Amino acid sequence: MTTSGIRGGASGVVFLGRNASGTGYRNLVKGPVSKNPRNLKIHQAKMDCLGLHRPMYILLVNLALNGVIGSSSVCPTIMKHLIMEKQETSLEGCLTQVYFSHVYASCVYCILALMAYDRYVSICKPLQYHSIMTPTKVKLLLAVVYFIPGSALAVQVYMTSRIQLCKHTIDKLLCDNQTVINLSCQKNALLSVYGLCLIICLTILPFLLVVLSYVNIFMVSLKTSKESQKKALRTCTPHLVTFINFSVASFLVVIYNRISLDLPKQWKCGAKLGRYNS
């Protein structure tokens, strides 16, 4: 970025700049500012820094809100089972927990994918960052992140609620969709195919987006200086650690659901469902 001009006055300073593509932009700093060139550079750097990180702050806030959704769907049930001697829950309560816990997990995974893409744009395309990651575009992407998992999982939970149950004991502390399906009298092929499509859309595709983003970041970082590589590492490490931790935990949950039917009974703990009235 090269500065094309600075205009100042008693009431404020306007910084005019031009990016690599030749298109101009303008940042206005209101209020009296000293005409010292060093102070002008500090104000300009502050405004650029705030604009650079604003999309990431939006994503972090939504990640925290999703944490509230996840904890609200899990913690009350855990506290109820710890306090009460008889561990029982209704089918409706179990399916409600299934829906909100699955929405939480899917939205978190998609938001982590958006954060990886944000890091990719900021590191690999810094001059185009403001035009690509605008606040409006980030909010639109977040709306898609909430709408698609929310609606798709609502359909899945509805389909699960229509199956007939022959067993009413869940060998887990919490409910999830696969555990409820394992209680059915017969396997439902349509539900299995729909669940597989959800795994591909809500898990595998975000995972591939994160992998591709970090592959590109790694390739670009190899061509930069050691100092730039350290900055990229400091920027990406917290997100990468969070993503790996969440992915491993989700993978272990899926594996447990698949092998839970073959585990010895003394290894299991769970709750009893209320009878299902068809």
Side-chain angles (χ1 to χ4, degrees), residues 62-111 143-203 246 249-263 265 267-278:
N62 281 269
L63 199 62
L65 292 176
N66 267 283
V68 174
I69 295 175
S71 59
S72 299
S73 65
V74 171
C75 291
T77 304
I78 294 178
M79 295 175 64
K80 175 185 174 182
H81 290 337
L82 291 175
I83 294 174
M84 299 181 64
E85 184 176 345
K86 196 173 183 180
Q87 298 177 350
E88 287 187 346
T89 185
S90 65
L91 180 61
E92 293 78 10
C94 184
L95 291 176
T96 301
Q97 185 183 81
V98 167
Y99 175 74
F100 284 104
S101 61
H102 283 43
V103 167
Y104 155 74
S106 301
C107 290
V108 165
Y109 218 65
C110 293
I111 291 174
V144 174
V145 163
Y146 284 114
F147 176 76
I148 293 180
S151 57
L153 290 168
V155 174
Q156 185 188 41
V157 170
Y158 174 77
M159 294 171 65
T160 303
S161 69
R162 305 307 299 171
I163 63 176
Q164 185 175 1
L165 304 182
C166 290
K167 295 178 288 185
H168 298 85
T169 301
I170 293 179
D171 296 318
K172 292 179 65 176
L173 188 61
L174 302 172
C175 296
D176 62 65
N177 193 69
Q178 187 60 44
T179 304
V180 177
I181 293 175
N182 291 339
L183 303 178
S184 62
C185 300
Q186 57 184 3
K187 292 186 178 180
N188 190 314
L190 179 61
L191 194 56
S192 299
V193 172
Y194 187 79
L196 181 61
C197 293
L198 286 183
I199 292 175
I200 294 174
C201 295
L202 302 180
T203 303
F246 192 81
S250 302
F251 178 75
L252 293 177
V253 169
V254 172
I255 294 299
Y256 177 81
N257 286 336
R258 297 300 176 182
I259 67 174
S260 60
L261 295 178
D262 300 324
L263 291 177
K265 190 172 183 179
W267 291 7
K268 303 176 182 180
C269 64
K272 186 176 181 181
L273 283 178
R275 285 195 172 272
Y276 175 78
N277 298 319
S278 58

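Values reported hereafter were calculated over all heavy atoms of this structure, with side chains retained and with hydrogens, waters and symmetry mates removed. Source: prediction; values computed, not measured. Note that the numbering runs from 1 along the sequence shown for the chain.
Thr203 is not listed as a side-chain neighbour of Ser250, based on a closest heavy-atom distance of 4.5 Å or more. The shortest side-chain heavy-atom distance between Leu165 and Leu91 falls under the 4.5 Å cut-off. Between Asn62 and Tyr146, the closest side-chain pair of non-hydrogen atoms falls below 4.5 Å.
Partners of Cys75 under the disulfide (SG to SG under 2.5 Å) rule, at least two apart in sequence or in another chain, do not exist in this structure. Here Phe100 pairs with Ile69, Ser73, Thr96 under the side chain to side chain contact (heavy atoms under 4.5 Å, CB included) rule; sequence neighbours left out.
Heavy atoms only, all atoms of each residue included: Val180 and Leu95 are closest at CG1-CD2, 4.4 Å. Pairing each heavy atom of His102 with each of Asp176, the nearest pair is CE1-CB, 3.7 Å. Annotation for Pro76 and Ser71: closest pair CD-O, 3.6 Å, computed over non-hydrogen atoms.
Side-chain atoms of Ser101 come within 3.5 Å of backbone N or O of Val98 as a donor-acceptor pair. Side-chain N or O atoms of Tyr99 include one that pairs as donor or acceptor with a backbone N or O of Gly150 at under 3.5 Å.
Within the structure, side chain to side chain donor-acceptor pair (under 3.5 Å) pairs that include any residue of residues 188-200 do not occur (at least two apart or interchain).
The number of heavy atoms from other shown groups lying within 6.0 Å of OH (Tyr158) does not exceed 12.
For Tyr109 and Asn66, the side-chain atoms include no donor-acceptor pair closer than 3.5 Å.
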